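Computed from a predicted model, the values in this text were never measured in an experiment.
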Amino acid sequence: MMNEEQYIISKLGRKSPFRVPDGYFDNLTANVMQQLPESPRQSLMARMRPWLYAAACFVAVLFTAAVYLYSPDDAATRQVATNTNAAVSESYIDEAADFVMADNNDIYACLTSDY
């Protein structure tokens, strides 16, 4: 690495081969501004784009709220819940106990908080 660096220094010297023309940065801003086009006219779609984004967000929020608040499943669940508040038949309790494999001792322990 050091040999390569010394070779380059011997061929080119320490002077940078790249130069900026004199007065380049003095007129740079004016030259760039001169090359810019006049203020471009925006199309109607470009001007309406922020309003369309806002409207889309508003519709999404309304749709989400409508689905959350007025879900037909909630109404059906409430209807079923009011209909099933009637007395539970004893056969249903027996089937549930068989399903969870609970015997009388397990049921008594759960009811007395000794479980």
Side-chain angles (χ1 to χ4, degrees):
M1 175 93 177
M2 198 59 144
N3 291 336
E4 293 174 10
E5 196 171 320
Q6 289 173 353
Y7 175 76
I8 292 171
I9 291 172
S10 69
K11 288 291 186 184
L12 299 174
R14 292 224 175 250
K15 193 173 181 185
S16 176
F18 303 105
R19 291 180 19 125
V20 176
D22 293 336
Y24 178 77
F25 289 109
D26 295 338
N27 299 325
L28 179 66
T29 305
N31 289 339
V32 169
M33 292 302 286
Q34 208 173 39
Q35 292 176 3
L36 290 176
E38 293 295 323
S39 61
R41 298 191 68 158
Q42 289 183 342
S43 67
L44 178 63
M45 188 64 180
R47 285 181 283 165
M48 294 298 293
R49 190 171 293 141
W51 292 102
L52 291 173
Y53 292 156
C57 290
F58 182 72
V59 167
V61 167
L62 283 179
F63 180 74
T64 304
V67 167
Y68 179 73
L69 295 176
Y70 302 109
S71 175
D73 293 335
D74 290 342
T77 304
R78 278 185 247 135
Q79 183 65 28
V80 169
T82 55
N83 290 343
T84 57
N85 284 339
V88 178
S89 68
E90 193 166 320
S91 65
Y92 176 75
I93 294 174
D94 289 340
E95 288 177 22
D98 289 342
F99 180 75
V100 294
M101 293 188 221
D103 60 356
N104 288 341
N105 291 334
D106 291 333
I107 295 172
Y108 294 141
C110 287
L111 293 174
T112 59
S113 300
D114 291 340
Y115 193 69

Side-chain heavy atoms of Leu44 within contact of Arg47, under 4.5 Å
yes
Partner of Ile9 under side-chain contact (heavy atoms from CB on, under 4.5 Å), chosen from Glu5, Lys11, Gln6
Glu5
Does Tyr53 belong to the same Ile/Leu/Val/Met/Phe/Trp/Tyr cluster as Phe58, with side-chain heavy atoms less than 4.5 Å apart forming each link?
no
Here the gap from Leu52 atom CG to Arg49 atom CZ, rounded to the nearest 0.5 Å, amounts to 8.5 Å
Among the clusters formed by ILVMFWY side chains lying less than 4.5 Å apart, do Val32 and Val20 turn up in the same one?
yes
Got a second to check how far Ile8's CD1 is from Asn3's CG, nearest 0.5 Å?
11.5 Å
Is the CG atom of Asn31 crowded by more than 12 outside heavy atoms at less than 6.0 Å?
yes
